[in-house]
Amino acid sequence: MTATPAWTTNGTPVQDVPGDVRPLLDIPAPARGNRPPHRTTGHGGTLDLRLDRPTSDTTVLAVRGDVDTSTVRRLRELLWHRLASCTGTVVLDLSAMTFVNTSGLHLLEQCQRRAEEHDISFRVVRDDRGLLARLLDLADAHVRFLVHPDLNDALAPR
C-alpha cells in the first residue's frame with residue numbers, strides 16, 4: 001500500500017497515510033446534537049446525510065434521499081469511519097430514504113462485517129416506503145442485519 005500525503009486546509013502536509021484512508025480525512029469529527037445535513041448529488045439522485053451522537057457511545061447517521069451507485073460512496077465513507085472509531089452502537093436511519101438499489105445492499109453487508117470485526121452493534125432503521133424490505137426480500141438477506149421499525153426501537157438498549 002502506497003502512502004499519500006494528507007493535507008490540511010491551508011495546504012501543508014499533516015502526515016503520510018495509506019492511499020485508501022485519505023478520503024476519510026475530510027470527514028468532520030462527530031459532535032453532539034443536530035448537525036446540518038450534508039448533501040451529495042450525483043447522476044442518480046440526491047442524498048442528505050445527518051450525523052448525530054445521542055450518547056457518547058452511540059452514533060446515528062440519518063439518510064434522506066436516494067442510495068444508489070452515485071451516492072453510496074459518501075455514505076460508505078461516513079459509515080466506514082464510524083464503524084472503525086465508535087465503541088458502542090452505530091445506527092443507520094433509512095426512514096427517509098426514497099430509493100435504494102443493490103449498491104445499498106452491498107454497503108449494508110460490508111458495514112455488518114466491519115461492525116462484527118470491531119465488536120460494534122450495527123443497527124438499521126427501515127424506510128417508511130418499504131424499499132429496504134423489498135430489496136432484502138429479493139436478496140433473501142433478512143437474517144444478516146438488525147432492522148428496526150423506527151429510531152426509538154433502534155436506540156433501545158439490548
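Numbers for residues simply follow the sequence, beginning at 1. Quantities reported herein were computed from a predicted structural model and do not represent experimental measurements.
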task = May I ask you to check whether R123 and S121 show a side-chain donor-acceptor distance below 3.5 Å?
result =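 Result is yes, a qualifying pair exists.
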query = If two hydrophobic side chains count as joined below 4.5 Å and joins carry through other members, does L108 share a cluster with L131?
reply =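 As far as the 4.5 Å side-chain criterion goes, L131 and L108 are connected within one cluster.
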Residue pair [X] / [Y], side-chain heavy-atom distance below 4.5 Å:
{"X": "L83", "Y": "I120", "answer": "yes"}
{"X": "V147", "Y": "V125", "answer": "no"}
{"X": "V91", "Y": "L61", "answer": "no"}
{"X": "L51", "Y": "V60", "answer": "no"}

message = Any carboxylate oxygen within less than 4.0 angstrom of a Lys/Arg side-chain nitrogen, looking at R114 and E117?
response =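 Looking at R114 and E117, the cut-off is not met.
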ask   = So, R50 and D52, do they make that salt bridge, N to O below 4.0 Å?
value =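 Result for this pair is yes, salt bridge flagged.
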Quick one: pull up [atom1] in [X] and [atom2] in [Y] and give me the separation to the nearest 0.5 Å.
{"X": "Q112", "Y": "L146", "atom1": "CD", "atom2": "CG", "answer": "6.5 Å"}
{"X": "L47", "Y": "R64", "atom1": "CG", "atom2": "CZ", "answer": "11.0 Å"}
{"X": "L92", "Y": "R126", "atom1": "CG", "atom2": "CZ", "answer": "14.5 Å"}
{"X": "S70", "Y": "N101", "atom1": "OG", "atom2": "CG", "answer": "8.5 Å"}

Go through the structure and list residues passing side chain to side chain donor-acceptor pair (under 3.5 Å) with [X], not counting sequence neighbours.
{"X": "D128", "answer": "none"}
{"X": "D150", "answer": "none"}
{"X": "H118", "answer": "none"}

Output yes when a side-chain donor or acceptor of [X] lies under 3.5 Å from a complementary backbone atom of [Y], and no otherwise.
{"X": "T71", "Y": "D68", "answer": "yes"}
{"X": "D127", "Y": "L132", "answer": "yes"}
{"X": "S85", "Y": "H81", "answer": "yes"}

request  = Could you please spell out the steps behind the side chain to side chain contact (heavy atoms under 4.5 Å, CB included) verdict for V67 and L75?
outcome  = CA-CA 8 Å; V67 178; L75 179 56; 4.2 Å; yes
With [X], which residues qualify under side-chain contact (heavy atoms from CB on, under 4.5 Å), at least two apart?
{"X": "Q110", "value": "R76, W80, H106, L107, R113"}
{"X": "T102", "value": "L135"}
{"X": "T98", "value": "D66, R129"}

ask   = Do any pairs count as a side-chain hydrogen bond (donor to acceptor under 3.5 Å, both in side chains) and have a residue in residues 86-97, sequence neighbours left out, and if so which ones?
value =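 Non-adjacent pairs meeting side-chain hydrogen bond (donor to acceptor under 3.5 Å, both in side chains): D93-S95.
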query = Which heavy atom of V72 sits nearest a heavy atom of S103, and at what distance?
reply =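 Taking V72 first and S103 second, the nearest heavy atoms are CG2-O, 3.8 Å.
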